[in-house]
Amino acid sequence: MENNNYKLDTLLIHAGVEPDPTTGAIMTPIYQTSTYVQEAPGKHKGYEYARTQNPTRTALQNAIAAIEYGKHALSFGSGLAASDAVMKLLKPGDEVISTNDLYGGTYRIFTKIFQPYGINFHFTGMSEVSAAEALINANTKMLWIETPTNPLLNIIDIEAFAQLAKKHNLLLVVDNTFASPYLQNPIKLGADIVLHSATKYLGGHSDVVHGVLIVNTDELNEQLSFIQNSCGAVPGPHDCWLVLRGIKTLHVRMQRHCENGEKIAHYLRNHSAIEKVYWIGFEDHPNHAVAKKQMRGFGGMISFVLKGDDVEKAMKVLSGTKLFALAESLGGVESLIGHPASMTHGSIPREERLKNGLADSLIRLSVGIEDVDDLIADLEQALAL
Ligand SMILES: *Cc1c(COP(=O)(O)O)cnc(C)c1O
């Protein structure tokens with residue numbers, strides 16, 4: 001399919017997917033194979049060994065590249081395996097500047113795995129480019145941003161950071177997991193590498209762990225493909241197939257995530273037990289204007305803090321919801337509730353967390369696509385416990 005002529009909602013369903021040449025199957029088969037028979041040494045159909053290439057993975061990679069408006073995509077066994085591959089573009093002595101409320105697992109791989117290999121990291125607030133720019137020196141090679149951030153839902157101006165990256169000849173990596181390609185397309189805004197934990201909105205059904213990278217140059221694709229094959233953190237074909245199926249409904253799911261998110265954010269904001277609600281759609285959100293500029297909608301991620309940072313009550317709410325399941329992760333069709341301080345962000349030291357505004361009683365919601373009145377009634381009963 002010639003991708004460039006179609007709108008996103010069409011690309012989500014058709015991009016990368018061709019009827020299977022041997023049978024005409026409309027859905028890409030799960031090529032559950034480790035190797036491919038050759039007619040004569042070196043004479044094959046483009047596939048030699050399944051770590052290097054697999055047709056189910058190829059279909060998914062082509063689809064992902066199209067829906068993020070990049071030239072190439074690469075898929076991995078998890079979001080963190082994708083992050084791992086990106087970090088292997090660097091050498092000892094290189095420096096990375098990143099945001100100070102990064103996804104906990106990314107913070108962990110940076111500081112616990114790659115710092116000991118001699119790569120240096122700086123973490124800073126990124127509501128303005130100036131703080132990051134002040135940290136740039138001759139060793140700086142990469143800017144790594146995540147927007148909206150997790151779980152405080154800060155917004156970083158992708159275009160402004162793309163300009164900063166160009167000015168200093170740095171690679172700009174954007175973790176686009178929270179927004180999904182439906183709400184935001186960082187390549188269009190100047191990013192060099194886009195990362196998704198496809199475990200979240202792309203897969204969308206809480207049934208697969210998967211990661212993808214999207215790039216816009218042949219050079220980055222060659223470097224990352226070399227790492228993908230050499231280090232081998234590749235996904236199995238069944239997982240690729242699940243993500244391929246998931247993305248076909250991304251647009252309809254995201255529309256409902258956004259609608260439900262908006263109603264729940266307003267409900268929480270008016271609740272007497274709640275001190276503060278974090279949701280990027282509020283007009284008084286500090287970066288609302290940037291969110292409006294770079295996103296198509298505001299998504300289903302909401303965090304809130306209880307009056308008096310009441311941790312005891314937070315524990316009751318977390319164990320008291322019936323529809324919202326207490327679980328890590330996000331972006332699935334079902335609603336989840338979580339406690340970042342002890343769950344997703346448990347690997348970040350408490351002082352670091354508090355310094356960055358992540359309160360002990362902060363509760364994070366991944367609003368699903370159930371009936372919103374049922375979801376609100378569930379929160380209402382849990383907040384009354
Ligand atoms: C979950 C997540 C990751 C890591 O992805 P996995 O698939 O769990 O390895 C990275 N970044 C963000 C923002 C995430 O939410």
Side-chain angles (χ1 to χ4, degrees), residues 60 64 68 73-88 96 98-114 121 123 126 142-156 158 173-184 186 191 193-214 228 231-236 239-240 242-243 246-247 254 257 278 280 295 299-303 327-332 336-340 343-348 356 358 362 364-368:
L60 174 62
I64 297 278
E68 270 292 19
L74 302 104
S75 85
F76 294 87
S78 71
L80 280 171
S83 309
D84 179 73
V86 173
M87 294 320 295
K88 286 170 179 160
V96 179
S98 189
T99 169
N100 59 9
D101 77 283
L102 201 57
Y103 171 72
T106 310
Y107 180 82
R108 184 176 55 199
I109 196 173
F110 284 179
T111 57
K112 295 277 170 35
I113 304 290
F114 285 101
F121 298 89
F123 300 96
M126 287 186 157
M142 184 181 282
L143 299 173
W144 183 296
I145 69 178
E146 186 183 317
T147 179
T149 66
N150 174 26
L152 293 173
L153 301 164
N154 289 316
I155 296 291
I156 296 171
I158 298 172
V173 183
V174 179
D175 183 337
N176 203 31
T177 300
F178 260 47
S180 89
Y182 181 75
L183 296 182
Q184 177 172 286
I193 302 176
V194 176
L195 179 148
H196 284 275
S197 168
T199 313
K200 318 294 169 50
Y201 287 108
L202 287 175
H205 296 74
S206 308
D207 52 10
V208 63
V209 172
H210 197 104
V212 296
L213 298 175
I214 302 94
Q228 183 192 39
C231 299
V234 294
D239 288 357
C240 294
L242 282 170
V243 177
I247 61 178
M254 290 311 295
H257 284 298
Y278 298 86
I280 56 182
M295 300 178 74
M301 297 305 299
I302 301 171
S303 296
E328 295 201 10
S329 201
L330 62 109
L336 301 180
I337 189 166
H339 183 230
M343 296 167 73
T344 46
H345 290 60
S347 51
I348 300 178
N356 300 332
L358 203 167
L362 185 110
R364 190 189 79 179
L365 302 179
S366 170
V367 176

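Just so it is clear, the values below take in all heavy atoms, side chains as well, and ignore hydrogens, waters and symmetry mates. Keep in mind it's a predicted model, so treat the numbers as computed, not measured. Atoms within a ligand are numbered from 1 in the order they appear, just like the ligands themselves.
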Quick check against the 3.5 Å criterion: does [X] have a side-chain atom that pairs as donor or acceptor with the backbone of [Y]?
X    : Y    : answer
N356 : L358 : no
T99  : L102 : no
S366 : G331 : yes
N176 : Q184 : yes

Heavy-atom side-chain contact between K200 and S180 under 4.5 Å: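 Heavy-atom side-chain distance check fails, nothing below 4.5 Å.
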Counting only nitrogen or oxygen atoms and a 3.5 angstrom limit, does [X] reach ligand 1?
X    : answer
F178 : no
L80  : yes
T106 : no
E146 : no

Name the closest protein heavy atom to [atom], giving the residue it belongs to and the distance to 0.1 Å.
atom                    : result
atom 4 (C) of ligand 1  : Y103 CE2, 3.5 Å
atom 11 (N) of ligand 1 : D175 OD2, 2.7 Å
atom 2 (C) of ligand 1  : K200 NZ, 2.5 Å

Is the centre of the Y107 ring less than 6.0 Å from the centre of the F123 ring?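 That pair passes the under 6.0 Å test.
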Which of the numbered atoms in ligand 1 are below 4.0 angstrom from a heavy atom of S78?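 The list of qualifying atoms is 7 (O), 9 (O).
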For G79, counting its heavy atoms only, list the atoms of ligand 1 lying under 4.0 Å from any of them.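 Near G79, meaning under 4.0 Å from one of its heavy atoms, ligand 1 has 5 (O), 6 (P), 7 (O), 9 (O).
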Both conditions, 6.0 Å and 45 degrees, for the charged tip of K88 above the ring of F76: are they met here?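 No cation-pi geometry.
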How does T199 reach ligand 1, by side chain, by backbone, by both or by neither, if only non-hydrogen atoms under 4.0 Å count?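 Side chain only.
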